[in-house]
Amino acid sequence: GNSVTQMEGPVTLSEEAFLTINCTYTATGYPSLFWYVQYPGEGLQLLLKATKADDKGSNKGFEATYRKETTSFHLEKGSVQVSDSAVYFCALTPSSNTGKLIFGQGTTLQVKP
Amino acid sequence: NAGVTQTPKFRVLKTGQSMTLLCAQDMNHEYMYWYRQDPGMGLRLIHYSVGEGTTAKGEVPDGYNVSRLKKQNFLLGLESAAPSQTSVYFCASSRGGGPSYEQYFGPGTRLTVT
(Lines give C-alpha, C1' and ligand atoms only; values in the text may rest on other atoms or scores of the structure.)
Protein backbone atom coordinates (compact mmCIF):
# COMPACT_ATOMS: atom_id res chain seq x y z
CA GLY A 1 0.00 0.00 0.00
CA ASN A 2 0.87 3.67 0.01
CA SER A 3 2.50 5.23 3.05
CA VAL A 4 4.71 8.12 4.15
CA THR A 5 7.25 8.08 6.97
CA GLN A 6 8.78 11.22 8.46
CA MET A 7 11.55 11.68 10.95
CA GLU A 8 10.49 11.90 14.55
CA GLY A 9 10.22 15.29 16.11
CA PRO A 10 10.32 17.70 17.68
CA VAL A 11 13.24 19.35 15.96
CA THR A 12 14.72 22.32 17.81
CA LEU A 13 17.11 24.65 16.01
CA SER A 14 18.65 28.02 16.57
CA GLU A 15 17.85 30.83 14.17
CA GLU A 16 19.92 30.69 10.94
CA ALA A 17 20.67 26.98 11.35
CA PHE A 18 20.34 24.51 8.47
CA LEU A 19 17.18 22.41 8.43
CA THR A 20 16.60 18.92 7.11
CA ILE A 21 13.40 16.96 7.72
CA ASN A 22 13.54 13.47 6.29
CA CYS A 23 10.63 11.91 4.43
CA THR A 24 10.47 8.53 2.72
CA TYR A 25 7.53 6.94 0.98
CA THR A 26 6.13 3.67 -0.27
CA ALA A 27 3.86 3.80 -3.28
CA THR A 28 2.85 1.93 -6.38
CA GLY A 29 3.11 3.69 -9.69
CA TYR A 30 4.24 7.30 -9.90
CA PRO A 31 2.96 9.37 -7.00
CA SER A 32 3.20 13.12 -6.62
CA LEU A 33 4.87 14.38 -3.45
CA PHE A 34 4.05 17.36 -1.25
CA TRP A 35 5.15 19.24 1.82
CA TYR A 36 2.44 20.98 3.84
CA VAL A 37 2.99 23.35 6.77
CA GLN A 38 0.67 23.94 9.72
CA TYR A 39 1.24 27.08 11.79
CA PRO A 40 -0.14 27.10 15.34
CA GLY A 41 -3.93 27.21 15.43
CA GLU A 42 -4.30 27.12 11.65
CA GLY A 43 -5.12 24.65 8.89
CA LEU A 44 -2.53 23.19 6.55
CA GLN A 45 -1.00 25.15 3.69
CA LEU A 46 0.80 23.75 0.70
CA LEU A 47 4.52 24.59 0.95
CA LEU A 48 5.90 22.88 -2.16
CA LYS A 49 5.37 19.91 -4.42
CA ALA A 50 7.02 17.72 -7.06
CA THR A 51 5.14 15.60 -9.55
CA LYS A 52 7.85 13.43 -11.12
CA ALA A 53 11.25 11.96 -10.37
CA ASP A 54 14.16 14.44 -10.06
CA ASP A 55 11.78 17.40 -9.85
CA LYS A 56 12.72 19.97 -7.21
CA GLY A 57 9.97 21.85 -5.44
CA SER A 58 10.84 25.16 -3.79
CA ASN A 59 9.07 27.94 -1.94
CA LYS A 60 9.98 30.51 0.75
CA GLY A 61 13.57 29.23 0.88
CA PHE A 62 12.49 25.61 1.40
CA GLU A 63 13.46 22.93 -1.13
CA ALA A 64 12.80 19.23 -1.66
CA THR A 65 13.87 16.90 -4.48
CA TYR A 66 11.84 13.89 -5.60
CA ARG A 67 14.29 10.95 -5.45
CA LYS A 68 12.74 7.83 -6.91
CA GLU A 69 15.84 5.69 -6.41
CA THR A 70 15.78 6.28 -2.64
CA THR A 71 11.98 6.89 -2.42
CA SER A 72 12.66 10.12 -0.54
CA PHE A 73 11.53 13.73 -0.51
CA HIS A 74 13.57 15.42 2.22
CA LEU A 75 12.77 19.03 3.14
CA GLU A 76 15.68 21.47 3.48
CA LYS A 77 16.20 25.13 4.26
CA GLY A 78 19.53 26.85 4.48
CA SER A 79 18.75 29.32 7.24
CA VAL A 80 15.66 28.97 9.40
CA GLN A 81 13.83 31.81 11.12
CA VAL A 82 11.70 31.89 14.25
CA SER A 83 8.68 32.36 11.98
CA ASP A 84 9.34 28.91 10.45
CA SER A 85 8.27 27.26 13.72
CA ALA A 86 5.39 25.00 12.71
CA VAL A 87 4.44 21.39 12.02
CA TYR A 88 5.58 20.06 8.64
CA PHE A 89 3.78 17.22 6.88
CA CYS A 90 5.08 15.18 3.98
CA ALA A 91 2.34 13.72 1.80
CA LEU A 92 1.78 11.84 -1.42
CA THR A 93 -1.06 11.41 -3.83
CA PRO A 94 -1.13 8.16 -5.79
CA SER A 95 -1.02 8.19 -9.55
CA SER A 96 -4.75 8.80 -9.94
CA ASN A 97 -7.02 11.81 -10.09
CA THR A 98 -9.02 11.34 -6.92
CA GLY A 99 -7.03 13.97 -5.05
CA LYS A 100 -6.59 11.64 -2.08
CA LEU A 101 -3.61 12.67 0.05
CA ILE A 102 -1.70 10.29 2.29
CA PHE A 103 0.16 12.09 5.05
CA GLY A 104 3.14 11.33 7.19
CA GLN A 105 2.82 11.80 10.93
CA GLY A 106 4.18 15.35 10.92
CA THR A 107 7.37 16.86 12.34
CA THR A 108 7.29 19.76 14.76
CA LEU A 109 9.96 22.39 14.21
CA GLN A 110 10.81 24.91 16.89
CA VAL A 111 13.26 27.67 16.04
CA LYS A 112 14.77 29.61 18.93
CA PRO A 113 16.16 33.15 18.61
CA ASN B 1 -13.20 35.65 -0.32
CA ALA B 2 -13.28 33.52 2.84
CA GLY B 3 -11.78 30.35 1.31
CA VAL B 4 -12.72 27.27 3.35
CA THR B 5 -14.67 27.80 6.58
CA GLN B 6 -15.68 25.26 9.21
CA THR B 7 -18.46 25.38 11.79
CA PRO B 8 -18.18 24.98 14.76
CA LYS B 9 -14.59 25.62 15.88
CA PHE B 10 -14.94 23.62 19.11
CA ARG B 11 -17.45 21.10 20.42
CA VAL B 12 -17.76 18.76 23.37
CA LEU B 13 -20.11 15.80 23.02
CA LYS B 14 -21.15 13.00 25.34
CA THR B 15 -20.84 9.43 24.13
CA GLY B 16 -23.84 8.52 21.98
CA GLN B 17 -24.75 12.07 21.00
CA SER B 18 -24.90 13.12 17.38
CA MET B 19 -23.68 16.20 15.57
CA THR B 20 -22.94 17.62 12.14
CA LEU B 21 -19.83 19.53 11.13
CA LEU B 22 -20.27 22.01 8.31
CA CYS B 23 -17.65 22.87 5.72
CA ALA B 24 -18.22 25.68 3.23
CA GLN B 25 -16.03 26.90 0.37
CA ASP B 26 -16.51 29.93 -1.85
CA MET B 27 -13.97 29.03 -4.55
CA ASN B 28 -16.36 26.99 -6.72
CA HIS B 29 -14.23 23.89 -6.17
CA GLU B 30 -15.46 20.52 -7.37
CA TYR B 31 -13.60 18.32 -4.87
CA MET B 32 -14.03 18.41 -1.10
CA TYR B 33 -12.50 16.30 1.66
CA TRP B 34 -12.82 15.56 5.36
CA TYR B 35 -9.72 14.58 7.34
CA ARG B 36 -9.08 13.86 10.99
CA GLN B 37 -5.82 14.73 12.71
CA ASP B 38 -4.61 12.72 15.67
CA PRO B 39 -1.31 13.09 17.54
CA GLY B 40 1.52 11.17 15.92
CA MET B 41 -0.65 10.02 13.01
CA GLY B 42 -0.79 12.92 10.62
CA LEU B 43 -4.05 13.51 8.77
CA ARG B 44 -6.24 10.65 7.61
CA LEU B 45 -8.95 10.93 4.97
CA ILE B 46 -12.46 10.13 6.22
CA HIS B 47 -14.65 10.80 3.16
CA TYR B 48 -14.40 12.87 0.05
CA SER B 49 -16.55 14.17 -2.79
CA VAL B 50 -15.67 14.72 -6.43
CA GLY B 51 -18.71 16.86 -7.17
CA GLU B 52 -22.16 17.92 -6.03
CA GLY B 53 -24.27 14.91 -5.06
CA THR B 54 -21.32 12.50 -4.87
CA THR B 55 -19.47 11.03 -1.89
CA ALA B 56 -16.86 8.32 -1.45
CA LYS B 57 -15.11 6.59 1.44
CA GLY B 58 -11.58 7.43 2.44
CA GLU B 59 -9.16 5.69 4.73
CA VAL B 60 -11.17 5.82 7.99
CA PRO B 61 -14.90 6.17 7.15
CA ASP B 62 -16.45 4.05 9.92
CA GLY B 63 -18.74 5.96 12.28
CA TYR B 64 -19.12 8.92 9.93
CA ASN B 65 -21.53 9.92 7.20
CA VAL B 66 -21.30 12.78 4.71
CA SER B 67 -23.49 14.67 2.30
CA ARG B 68 -22.80 17.09 -0.56
CA LEU B 69 -26.20 18.46 -1.51
CA LYS B 70 -24.78 21.80 -2.61
CA LYS B 71 -21.48 22.27 -4.40
CA GLN B 72 -20.20 24.73 -1.82
CA ASN B 73 -21.02 22.66 1.27
CA PHE B 74 -19.75 19.34 2.59
CA LEU B 75 -21.30 18.03 5.81
CA LEU B 76 -19.74 15.45 8.13
CA GLY B 77 -22.09 13.66 10.50
CA LEU B 78 -21.47 11.60 13.60
CA GLU B 79 -24.61 9.61 14.41
CA SER B 80 -23.46 8.18 17.75
CA ALA B 81 -20.26 9.76 18.97
CA ALA B 82 -17.57 7.63 20.62
CA PRO B 83 -14.47 8.71 22.59
CA SER B 84 -12.33 7.34 19.72
CA GLN B 85 -13.73 10.16 17.58
CA THR B 86 -12.06 12.79 19.74
CA SER B 87 -9.88 14.55 17.20
CA VAL B 88 -9.30 17.69 15.18
CA TYR B 89 -11.29 17.62 11.94
CA PHE B 90 -10.15 19.43 8.83
CA CYS B 91 -12.06 20.11 5.68
CA ALA B 92 -10.32 20.82 2.39
CA SER B 93 -11.31 21.62 -1.17
CA SER B 94 -9.64 21.62 -4.58
CA ARG B 95 -10.56 22.55 -8.12
CA GLY B 96 -9.75 19.10 -9.42
CA GLY B 97 -8.31 15.75 -8.38
CA GLY B 98 -4.94 15.62 -10.09
CA PRO B 99 -1.63 16.53 -8.42
CA SER B 100 -1.57 19.94 -10.05
CA TYR B 101 -4.61 20.98 -8.02
CA GLU B 102 -3.78 22.39 -4.58
CA GLN B 103 -5.97 21.45 -1.64
CA TYR B 104 -7.06 24.39 0.49
CA PHE B 105 -7.70 23.63 4.15
CA GLY B 106 -10.08 25.11 6.66
CA PRO B 107 -9.00 26.12 10.18
CA GLY B 108 -10.26 22.91 11.81
CA THR B 109 -12.86 21.80 14.35
CA ARG B 110 -11.68 20.45 17.68
CA LEU B 111 -14.10 17.76 18.89
CA THR B 112 -13.96 16.11 22.29
CA VAL B 113 -16.18 13.13 23.09
CA THR B 114 -16.48 12.30 26.79
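Sequence lines set the chain letters: A, B, ... in the order given, protein chains first and strands last, and positions in each chain run from 1. Please read these numbers as outputs of a predicted model, since none were measured by experiment.
Neither the backbone nor the side chain of L33(A) comes within contact range of chain B; no heavy atoms are under 4.5 Å apart. Contact of Y104(B) with chain A is not made at all, since no heavy-atom distance falls under 4.5 Å. Both the backbone and the side chain of L43(B) come within contact range of chain A, judged by heavy atoms closer than 4.5 Å. Contact of Q38(A) with chain B is made through the side chain alone, with heavy-atom distances under 4.5 Å.
Not a single donor-acceptor pair under 3.5 Å links the side chain of S32(A) to the backbone N or O of T93(A). Judged by distance alone, with hydrogens and angles left aside, the side-chain atoms of D26(B) form a donor-acceptor pair with the main-chain N or O of G3(B) at under 3.5 Å. A donor-acceptor distance shorter than 3.5 angstrom exists from the side chain of T86(B) to the backbone of V113(B), with no hydrogens or angles considered.
Comparing E59(B), R110(B), E102(B), Q6(B) by heavy-atom pairs within less than 4.5 Å of chain A, the highest count is held by E102(B). Of the residues considered (S94(B), G42(B), S100(B)), G42(B) shows the highest number of contacts with chain A, using heavy-atom pairs under 4.5 Å.
Centroid-to-centroid, the aromatic rings of Y33(B) and F90(B) stay 6.0 Å apart or farther.
The two residues E52(B) and K71(B) have their closest heavy-atom pair at OE1-N, 3.4 Å.
Residues F74(B) and L111(B) are members of one and the same hydrophobic cluster, defined by side-chain heavy-atom contacts under 4.5 angstrom among Ile, Leu, Val, Met, Phe, Trp and Tyr.
Heavy-atom neighbours of chain B within the stretch residues 51-88 of chain A, taken at a separation under 4.5 angstrom, comprise T51(A).
More than 12 heavy atoms of other residues, nucleotides or ligands sit less than 6.0 Å from atom OH of Y39(A). Residue Q17(B) qualifies as enclosed at atom CD: its count of foreign heavy atoms under 6.0 Å is above 12. Around CZ of R95(B), the count of heavy atoms belonging to other residues, nucleotides or ligands within 6.0 Å does not exceed 12.
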